[in-house]
Amino acid sequence: MSDQLEIYVGFLPGRKRGRALTRLATAVLAATLLGTTAGTAVADSQPPVPAPLKNATPDKLKLTVPQPPKAPKGRMGYAAPGEVSSPYFHLSGVDRGGDLYQQTPNGNGFDARDYVWFGWDIFKAVQNVDHNKDGYADAFYSWDFNGNLYYTYDKDNGDADTRTIGGGWNTYNKVLSPGNLGGAKESDLMAVDKSGVLYTYLAYPDGKVTPRTKIGAGWGQYTQIAGQGDLTGDGKADIVARDASGVLWLYKGTGNYKAPFAARQKIGAGWNAYNYLLSTGDVDRDGNADLLARTTGGDLMLYKGTGNARAPFAKPVKVGWGYQTYRLMF
C-alpha cells in the first residue's frame with residue numbers, strides 16, 4: 001500500500017499559496033491510491049446533485065487561491081501565518097459511487113461544485129489541516145476502511161507526497177482534527193474509541209503524531225462531533241457535539257493537551273433534524289468558525305459563528321440542496 005501512495009513529482013504546477021490541498025493534489029492522491037484499474041460506479045438512477053451545479057473534467061481544473069481572510073475587529077494580524085485561528089477550507093463531498101467533488105467558499109456559502117476524481121469510496125474520513133496557520137489547507141489526513149491513517153502534504157516545491165502514519169485506527173469510530181488542541185500551531189487529532197473513550201494525538205509539523213493521551217470516557221453518547229477552528233473568539237479550537245436526544249453541546253478549547261476542552265455548555269435542542277454536522281472553518285471570513293448542517297431531506301444549512309460562547313451561532317441560512325447524495329463530507 002505504501003508504494004501506491006507515492007505522489008508523482010512534477011504533476012502539480014508551480015507553488016502557490018494555499019494550494020497543497022487543492023483539487024489537483026487530491027486527484028493525484030486518488031489516482032495513485034487506486035491505480036487505473038478502479039472504475040467509476042454508475043447508479044441505475046442518478047442521485048440528486050447538490051446545487052449550485054458545475055461539473056468540470058479533471059484536466060480543466062485549476063488551483064484555487066482564495067483571498068486572505070479579512071481581519072475581524074479587535075483581532076490583529078489575523079491573516080498572518082501562524083496566527084489564523086479559523087481556516088478557510090473548501091467543502092468536499094464524496095458521493096456513494098466514490099466520486100469526489102469540491103466547492104469553494106464565497107463568503108455567504110459555496111460556489112458551484114467541481115468534479116475532482118473517482119475512487120474515494122475507500123475512505124472512512126478525510127480531514128484538511130492548516131499546520132502553518134495561514135488560513136489555508138496545506139495537508140490532509142485520510143483514514144481508510146482498513147484502519148490505516150495517511151498524511152498527504154506539500155513538499156514545498158509544488159509537489160505533494162503521502163506518508164503512512166500507522167494502522168489499527170479502526171479501534172476508533174470517530175477521528176477528527178478540529179485544529180490546535182495542545183498549544184502548538186499544528187492541527188492535532190482527536191479520536192473516540194468504540195467504548196466512548198476520547199484520546200488526543202498531538203501533531204508534528206511533518207504530520208507524524210505523538211503517542212495518544214487519554215482524555216476521558218463518556219464520548220460514546222455523541223452521534224455527531226464537529227469543529228474546525230475557533231468558534232468562541234478566544235483563539236483556541238472548539239468543537240460541538242450532538243447527543244442521541246438531539247441536544248448540541250459546546251466544548252471550548254483550552255490549549256492544554258492534557259485537558260483540551262472545558263466543561264460542556266448546552267447550545268440547544270432539536271439538532272436531530274440534521275443527519276450530518278461538519279465544519280470547514282470560516283465560511284464567511286469574519287474570523288469565527290462556522291457550522292454546516294445537512295437536513296434529512298438533503299438541504300445544507302450554514303450556521304455562522306458569532307464569537308460568543310453563550311450564543312455561538314446565528315440563525316441558520318440555507319445554502320444548498322441535494323446534499324444527501326454525499327456519503328462523506330469534509
Side-chain angles (χ1 to χ4, degrees), residues 1-9 12 15 18-22 25-26 28-30 32-33 81-85 87 89 92 122-193 197-215 225 227-229 236-237 239 253-261 281 330:
M1 186 68 173
S2 60
D3 293 338
Q4 293 176 295
L5 289 169
E6 179 184 359
I7 301 298
Y8 293 105
V9 175
L12 294 177
R15 186 166 189 253
R19 85 284 179 233
L21 208 358
T22 55
T26 52
V28 175
L29 173 66
T32 53
L33 276 172
E83 298 183 11
V84 174
S85 55
F89 292 159
S92 301
I122 68 170
F123 293 121
K124 181 182 289 188
V126 182
Q127 183 68 69
N128 296 332
V129 294
D130 174 22
H131 278 336
N132 64 5
K133 291 296 175 286
D134 68 350
Y136 306 103
D138 46 46
F140 63 92
Y141 289 100
S142 52
W143 176 32
D144 69 20
F145 281 97
N146 291 324
N148 301 303
L149 186 72
Y150 306 100
Y151 178 73
T152 301
Y153 62 99
D154 173 25
K155 293 169 60 177
D156 287 328
N157 60 1
D159 303 318
D161 204 353
T162 299
R163 65 164 49 98
T164 302
I165 301 301
W169 285 74
N170 275 347
T171 188
Y172 302 118
N173 57 19
K174 292 183 180 70
V175 176
L176 177 70
S177 177
N180 163 30
L181 299 177
K185 66 182 180 180
E186 288 77 30
S187 299
D188 305 312
L189 292 171
M190 55 178 288
V192 179
D193 69 16
V197 177
L198 173 65
Y199 297 88
T200 57
Y201 293 82
L202 302 186
Y204 292 108
D206 62 1
K208 296 178 182 178
V209 295
T210 63
R212 68 183 188 178
T213 298
K214 182 178 179 179
I215 304 303
I225 300 175
Q228 189 54 255
K236 299 180 176 63
I239 61 170
T254 65
N256 177 2
Y257 79 95
K258 293 182 178 179
F261 301 113
F330 58 94

I need the [X] [atom1] to [Y] [atom2] distance, nearest 0.5 Å.
X      : Y      : atom1 : atom2 : result
Asp193 : Asn173 : CG    : CG    : 7.5 Å
Ser92  : Phe330 : OG    : CZ    : 4.0 Å
Asn128 : Asp138 : CG    : CG    : 9.5 Å
Phe123 : Trp143 : CZ    : CH2   : 13.0 Å
Ile239 : Leu181 : CD1   : CG    : 8.0 Å

Only distances under 3.5 Å count here; give the side-chain donor-acceptor pairs of residues 205-215 to other protein atoms, sequence neighbours excluded, each with its distance to 0.1 Å.
residue: Asp206; atom: OD1; partner: Lys208; partner atom: N; Å: 3.1
residue: Thr210; atom: OG1; partner: Leu202; partner atom: N; Å: 3.1
residue: Arg212; atom: NH1; partner: Tyr172; partner atom: OH; Å: 2.9

Minimum heavy-atom separation for [X] to [Y], with atom names?
X      : Y      : result
Tyr153 : Thr162 : CE2-N, 4.2 Å
Gly255 : Lys236 : N-CD, 3.8 Å
Lys133 : Lys185 : NZ-O, 2.6 Å
Asp134 : Tyr136 : OD1-N, 3.0 Å
Pro178 : Ala237 : O-CB, 3.6 Å
Asp130 : Gly135 : OD2-N, 2.8 Å

Q | Which residues share a ring-ring contact (aromatic ring centres under 6.0 Å, His included) with Tyr141, sequence neighbours left out | A |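 By the ring-ring contact (aromatic ring centres under 6.0 Å, His included) rule, Tyr141 matches Tyr151.
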
Q: With sequence neighbours left out, write down each residue that passes ring-ring contact (aromatic ring centres under 6.0 Å, His included) with Tyr201, or none if nothing qualifies.
A: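 Scan of Tyr201 (ring-ring contact (aromatic ring centres under 6.0 Å, His included), adjacent residues dropped) gives Trp169.
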
Q. So, do Met190 and Leu198 sit near enough that their side-chain heavy atoms are less than 4.5 Å apart?
A.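 Counting from C-beta outward, Met190 and Leu198 do come under 4.5 Å.
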
**Q.** Residues that Asn170 engages under side chain to side chain donor-acceptor pair (under 3.5 Å), provided they are two or more places apart
**A.**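 For Asn170 the side chain to side chain donor-acceptor pair (under 3.5 Å) partners, ignoring immediate neighbours, are Lys124.
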
**Q.** Residues that Ser177 engages under side chain to side chain donor-acceptor pair (under 3.5 Å), provided they are two or more places apart
**A.**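 For Ser177, no residue satisfies side chain to side chain donor-acceptor pair (under 3.5 Å) once neighbours in sequence are set aside.
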
Q: Please assess Asp188 against Tyr257 for the test side chain to side chain contact (heavy atoms under 4.5 Å, CB included), listing each intermediate value before the final yes or no.
A: CA-CA 10 Å; Asp188 305 312; Tyr257 79 95; over 6 Å; no

**Q.** For Lys174, all residues meeting side-chain contact (heavy atoms from CB on, under 4.5 Å), sequence neighbours excluded
**A.**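 Lys174 satisfies side-chain contact (heavy atoms from CB on, under 4.5 Å) with Val192, Ile225 once adjacent residues are dropped.
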
Q) Any side-chain donor paired with an acceptor under 3.5 Å for Lys258 and Thr200? A)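 No.
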
